[in-house]
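One is the number of the first residue; the rest follow in order along the sequence.
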Amino acid sequence: MEVARLIFAGILISLLSNRVAAMAADLPPCKFKAIYNFGDSNSDTGAISAAIFPRQWPNGETFFRKPAGRVCDGRLIIDFIAERLGLPLLSSFLDSIGSNFRHGANFAAGGSTIVPQNKTIAESGLSPFALNVQIFQFDQFKARTSDLYKEKKKHSCGNQVLPRSKEFGDALYVVDIGQNDIAYGLRTVGDAQLLASIPDIITQLVLAVQHLYTQGARTFWIHNTGPIGCLPSTLLTITNPPPGFLDNHGCVKSQNDIAQEFNRQLKSRVMKLRTDLPHAAITYVDIYAAKYGLISSSKQHGFVEARKICCGYHNNGIDVGCGGILALPNGTQISGPSCEDPSTYISWDGVHYTEAANHWIASRLINGSFSDPPIPITHACYTTS
């Protein structure tokens, strides 16, 4: 009886979502004035590069022709989102040189987690700019921007590079974070303990969304986390796996199971947020399904085998990161250059995706193919109620 009730509820939710999508298609596109993004290296456009260590060549080689703060040969999913909405690429909040925040700001930082970790970046590889810090930065940005416009003497440069106070409510708020919480947990605790921590991790994300709502945010585009068990960097260390350890597409099944459980609980909380925040339009974006769909059918979409890495050197037990140089005892060096054609690879450096893969994934997220409700990002401002 309980199973039947759950199936019926699922069908009802699906029908309602499809009805919302059909209604949204008949409405004019949203007029987003800005984008505010919160996340990790999957959407970092310059935070870690500006605050801790600059990204090195060949990062940026495909699109920017130079390192541009991104761990990628070119654009990220957030860049394609901005382009689709007709807005400039987002400047990182932490990058003060040449930045323009007129149409939004990016608070994402590589290595960031939802839950703050009591470790330095040198110890753990995790960023000090956890989600709560990114929210503090947003609050400061919003408050100081408002103060500038309230001053009697207007700053001419401020009028050009800062958003109007009233426009914060007309912005799209993107949240793309959580992968590092899972990755760090996999390295430091057992699967059972990591699974037990998921509700608390998601609660911190929910609190961040609720806080942004109190600050006037009304449109949210929330990504779940990707198939971490498919990352080539993880697969490099696996030799002679036992039966059932890898799935049919060569990914670590147990790691993907944890990512999917995280996503299941996140979606449940996002659905509840729609009730708790009645004036918000909240879209849940299944980036896991989009990425796994590409990885599981890479060759059909014109890519090489998904576990191949474009940038870096990984042979004979020697690993050199993208753009790195390893000095050998015999006086020779091994470098980690990029591949000849990044557009045919899914993985850029073993963890992050190439511009070509990001473009493939973004095009399917943006049109609503992997969203709940299934509406394009151009119509994300319409509520589901």
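- With hydrogens and angles ignored, the 3.5 Å screen pairs no side-chain donor or acceptor of D73 with any backbone N or O of P342.
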(message) Assess the residue pair F129 and F107 against the criterion (side-chain contact (heavy atoms from CB on, under 4.5 Å)); give the C-alpha distance rounded to whole Å, side-chain angles, the decisive distance to 0.1 Å, and a yes or no.
(response) CA-CA 9 Å; F129 307 110; F107 300 92; over 6 Å; no
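- Between the side chain of S99 and the main chain of D95, a donor-acceptor pair closer than 3.5 Å is present.
- To the nearest 0.5 Å, atom CG of residue L76 and atom CD1 of residue I361 are 11.0 Å apart.
- Side-chain atoms of R269 never come within 3.5 Å of backbone atoms of Q265 as a donor-acceptor pair (strictly under, hydrogens ignored).
- Judged purely by atom type and a 3.5 angstrom limit, S297 has no side-chain atom pairing as donor or acceptor with the backbone of Q300.
- Results of the side chain to side chain contact (heavy atoms under 4.5 Å, CB included) test with L266 over V206, T225, I202 single out I202 as the only residue that passes.
- Looking at S371, its side chain never comes within 3.5 Å of a backbone N or O of P373 through a donor-acceptor pair.
- The distance from atom CD of Q117 to atom OG of S112, rounded to the nearest 0.5 Å, is 11.0 Å.
- Remark: the N106 side chain and the T45 side chain contain an N/O donor-acceptor pair separated by less than 3.5 Å.
- In this structure, the side chain of R70 engages the main chain of A68 through a donor-acceptor pair within 3.5 Å.
- A side-chain donor-acceptor contact under 3.5 Å links Q56 to the backbone of C322.
- Checking side-chain atoms of R65 against main-chain N and O of E61 turns up a donor-acceptor pair under 3.5 Å.
- Between R164 and E167, no side-chain nitrogen of the basic residue sits less than 4.0 Å from a carboxylate oxygen of the acidic one, so the salt-bridge criterion is not met.
- A salt bridge is defined here as a Lys NZ or Arg NE, NH1 or NH2 lying under 4.0 Å from an Asp or Glu carboxylate O, and K267 with D372 meets this definition.
- D139 and H211 are linked by a side-chain donor-acceptor pair at a separation below 3.5 angstrom, with hydrogens and angles left out of the test.
- Within the 4.5 Å cutoff, side-chain heavy atoms of F38 are placed close to those of Y173.
- The SG atoms of C311 and C339 sit 2.5 Å or more apart.
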(request) Please test F303 against K308 for side-chain contact (heavy atoms from CB on, under 4.5 Å), starting from the C-alpha separation and ending with a verdict. (result) CA-CA 10 Å; F303 293 90; K308 289 187 176 181; over 6 Å; no
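- Between N132 and F136 there is a side-chain heavy-atom pair separated by less than 4.5 Å.
- Side-chain contact, Y292 with D247: a donor N or O sits under 3.5 Å from an acceptor N or O.
- Residue I334 is found in a hydrophobic cluster whose other members, listed by chain and number, are Y313, I318, V320, L326, L328; membership requires side-chain heavy atoms under 4.5 Å apart, directly or through intermediates.
- Ring pair F168/Y36: centre-to-centre distance below 6.0 Å.
- Hydrophobic cluster of F245: the remaining members, joined at side-chain heavy-atom separations below 4.5 Å, are L235, I238, L246, V252, listed by chain and number.
- At a cut-off of 3.5 Å, with distance as the only test, a side-chain donor of S43 or N37 sits close to an acceptor on the other residue.
- H352 pairs with exactly one of S233, S41, S347 by the side-chain hydrogen bond (donor to acceptor under 3.5 Å, both in side chains) rule, that one being S41.
- When atom types are taken as modelled, the side chain of H379 and the backbone of L27 share a donor-acceptor pair closer than 3.5 angstrom.
- Side-chain N or O atoms of Q179 include none that pairs as donor or acceptor with a backbone N or O of I228 at under 3.5 Å.
- With hydrogens and angles left out, the side-chain atoms of D176 and W221 include no donor and acceptor closer than 3.5 Å.
- For the residue pair H359/S363, the side-chain donor-acceptor check at 3.5 Å is not satisfied.
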